[in-house]
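This report refers to the structure that appears directly beneath it.
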Amino acid sequence: MRQSKLFVPTLKESPADAEIASHRLLVRAGFLRKVASGIYELLPLGARVVRKIEGIVREEMNAAGAQEVVLPIMQPRELWEESGRWEKYGPEMMRLKDRAERDFGLGPTAEEVITDLVRTNASSWRDLPINLYQIGDKFRDEVRPRFGLLRGREFLMKDGYSFDRDEEGMRRSYQAMYDAYGRVFTRCGCSWRAVEADTGIIGGDVSHEFMAPAEVGEDDIAWCEDCDYAANVTLAAYRRAEPPWGEGRAPEKVHTPEQRTIAEVSSFLGMEPERFIKCLMFLVEDEPVAVLVPGDREAGEIKLERVLGTGEFRLFGEEDWERFPEYLQGFVGPVGLRASRIIADEALRGAGGMACGANERDYHLTGVDEGRDFTVSFFEDVTLARDGDACPRCGGAMRVEAGIEVGQVFQLGLKYSEPMRCLYDDENGESRPMVMGTYGIGITRVMAAVIEQHHDERGMIWPLAIAPAHLHVLPLNYERENRRAAAEKLYESCLERGLEALLDDREESAGVKFADADLIGIPYRAVIGKGYDEDGSVELQVRETGEKTRMSAEALLDLLAERLGR
RNA sequence: CGGGGUGUAGCGCAGCUUGGUUAGCGCGCAUGCUUUGGGAGCAUGAGGUCGGCGGUUCAAAUCCGCCCACCCCGACCA
């Protein structure tokens, strides 16, 4: 590639609408432009990176026994009715009508289409397992597109689907994909961590997310320093410490005028927040449910959803407090409380000497013991783990850090094959539903995640495997014949040896060339300048470390070939 | 969806509070000359329905109303 001919509009200043590094740098370096909120164009260099990531994904998928297909983006309503997701997906799915007013959705994933494909073309146990994948645009009308490529409304995703005869086969397929995913991210230069995850709208029982640790990540992940336990904090378990003990004293009513929040009451009474019982009121399927958690803990919505068995609930709002005046906002407590259910976090089992609302305006109780002064319907894990909590498996210290979800794998089971009647005949001629798995990688998101993990104040720093080119050839004073000739020769040699090079053949000042090269972030750089005039050497610069070494052009090519494993 | 904010040249911004000539600045772009190991200098020049529609006014980028777009903060996901 010759830079003078390449369409790379670099920018000196950061675009006003880009907040995070990957977005800002992709735009500044001329890889990416925005068309509308959450919808982007990839320019030549951006497209090259994406194609490289795709290449790695293809290699690993094929090696793991999956086969590539191309599925439609525009999908008929009828298929989505069958799975029940036409309703369930809601406004998140982009919808349109054809000229005959028939409904279509733009695929956010392709379980329906692929299940239809397989059920109509595979019917025997001899056909299984089947593992198919595609790489294509996906559409999700996100509530809030954000952070450039990290959360777009149209994005590139690799989605794959496995069909097996039984659970065991599905677990094998799942494991093969899980292992392949790890290799994909490692090869892309993306550091990652696989964590237990919620299954959300895709459904199914077991799921792992592949997280790329990064400060801008929208998820928090909890992981153990001592063992391999790791989970999304939305469902991470943790080992509870011994609850506080009471001193056998009877509960005492204390006057706490206008002290409603835990923070207010705890400083008013001079008691630690963890000695409080926070009593949260939820409206669950139109019934009030009390949830008790330690005063210093947060209830987790996903955990609650699992415990309650429904997603149809909300924390009491203004209108709910008015509708149920027996609950006094700010003074609700478990003692004498009437609710359809009282659910307590495990941490409160056997807790004593606690403080809580007295269910009387401007009063709280102290010296409250669980079991003696109140009882609960059941104890559950409903609070969120946080940094420093004890690992549920080994008791070691857990860390919580932010991550970008770059992939997720699901054991679906019969979630789609049963309603969509994706069946096969087993060896005995009995009809059985196929057992499915589904697997996704956000290709464009991987690109952004890698930048979040690899950049500095001057620009991006690409891992060799997905860099838009291997070598950036920078002749300074390109108009000087000797340097121009040397640069051309080096560039041609790269082409001959199968190395990808970008030649900066522009008659720009050295400063401009260096600045653009830093921004674009090609891992290796060959500077042809003063040193060449002196002894015919070129200077190899490593983008990541800033290391500079003078050597002959031949030596540089050999070194590069070696780094590429060729 | 709720809350906050921004729309002025390709990009980044000023001007708006307190309406009043040809709407400015920097970068970028074009042409010429001089420059060239870290975003060069001088000169000349092109480029704008001031997000849109409506209103107030002798007069609107500026005041008012409605709409649209985009960004940020909270509940969801590759």
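Contacts with RNA chain B (heavy atom under 4.0 Å) in residues 33-43 of chain A: Lys34(A), Ala36(A), Ser37(A), listed by number.
In a base pair of the Watson-Crick type (N1 to N3 plus N6-O4 or O6-N4) or a G-U wobble (N1-O2 and O6-N3), with each distance short of 3.5 Å, C53(B) is matched with G65(B). Both distances falling under 3.5 Å, in either a Watson-Crick or a G-U wobble arrangement, occur for no nucleotide opposite U22(B). When Watson-Crick and G-U wobble pairs are counted only if both distances are under 3.5 Å, C70(B) pairs with G5(B). A 3.5 Å limit on both hydrogen-bonding distances identifies G32(B) as the Watson-Crick or G-U partner of C42(B).
Note: CD (Glu142(A)) to P (C1(B)) measures 16 Å, nearest angstrom. Distance, Arg144(A) CZ to C76(B) C1': 12 Å, rounded to whole Å. As a whole-Å value, the separation of Glu508(A) CD from G41(B) P is 13 Å. Regarding Glu298(A), its CD atom lies at a distance of 13 Å from the C1' atom of G74(B), rounded to whole Å. One can place CG of Asp17(A) at 17 Å from P of G51(B), the figure rounded to the nearest angstrom. The CG-C1' distance, from Leu11(A) to G28(B), rounds to 9 Å in whole Å. Rounded to an integer number of Å, the gap from Asp220(A) CG to C76(B) P is 13 Å. Arg550(A) has its CZ atom 12 Å from the C1' atom of G37(B), to the nearest Å.
Nucleotides G26(B) and U49(B) have their C1' atoms positioned 25 Å apart, rounded to a whole Å. Only the C1' atoms considered, C50(B) is 14 Å distant from U6(B), to the nearest whole Å. Taking atom P on both G20(B) and G38(B), the two are 47 Å apart, rounded to the nearest angstrom.
Pro15(A) comes within 4.0 angstrom of sugar-phosphate atoms only, judged by non-hydrogen atoms across all strands, and of no base. Residue-level contact check: Phe147(A) touches the backbone only, with heavy atoms under 4.0 Å from sugar-phosphate atoms and none from bases. Gly148(A) comes within 4.0 angstrom of no nucleic acid atom, judged by non-hydrogen atoms across all strands. Base contact: Gln541(A) has a heavy atom under 4.0 Å from a base atom. No contact: Glu507(A) has no heavy atom under 4.0 Å from any strand. Residue contacts for Arg28(A): at a heavy-atom cut-off of 4.0 Å it reaches a base atom on one of the strands shown. Residue Glu209(A) is out of contact with every strand shown, counting any heavy-atom pair closer than 4.0 Å. When heavy atoms are screened at a 4.0 angstrom cut-off, Val406(A) is found touching the sugar-phosphate backbone but no base atom. At the heavy-atom level, Asp219(A) lies under 4.0 Å from base atoms of the strands shown. Within the nucleic acid shown, Gly407(A) comes within 4.0 Å of sugar-phosphate atoms alone, with no base atom in reach, counting heavy atoms only. Among the protein residues, Leu476(A) comes within range of the nucleic acid bases, having at least one heavy atom under 4.0 Å from a base atom.
When each of Val512(A) and Glu13(A) is assigned the nucleotide of RNA chain B with its nearest heavy atom, Glu13(A) is the one assigned upstream, toward the 5' end.
Applying the 3.5 Å distance criterion, the base of C77(B) shares no donor-acceptor pair with the side chain of Arg146(A). With hydrogens and angles ignored, a donor-acceptor pair closer than 3.5 Å exists between the side chain of Asp516(A) and the base of G39(B).
Between G37(B) and Lys513(A), no contact under 4.0 Å exists linking OP1 or OP2 to a side-chain N or O.
Side-chain atoms of Ser83(A) and Thr115(A), non-hydrogen and from C-beta on, never get closer than 4.5 Å to each other.
One distance of note links CE of Met447(A) with CZ of Phe31(A); it measures 8.0 Å at 0.5 Å rounding. Put simply, CZ on Arg85(A) and CH2 on Trp80(A) are 4.0 Å apart, with the number rounded to the nearest 0.5 Å. Atom CD of Glu508(A) is separated from atom CG of Leu476(A) by 12.0 Å, given to the nearest 0.5 angstrom. With values rounded to the nearest 0.5 angstrom, Phe163(A) atom CZ is found 4.0 Å from Met436(A) atom CE.
Ring-centre distance between Tyr178(A) and Phe210(A): below the 6.0 Å cut-off. The aromatic ring centres of Tyr524(A) and His472(A) sit 6.0 Å or more apart. The ring of Tyr439(A) has its center no closer than 6.0 angstrom to the ring center of Phe410(A).
In this pair, Phe155(A) lays its aromatic ring flat on the base of A78(B), centres within 5.5 Å and planes under 30 degrees apart.
Classification of the Trp192(A)-Phe185(A) ring pair by plane angle, with boundaries at 30° and 60°, yields tilted.
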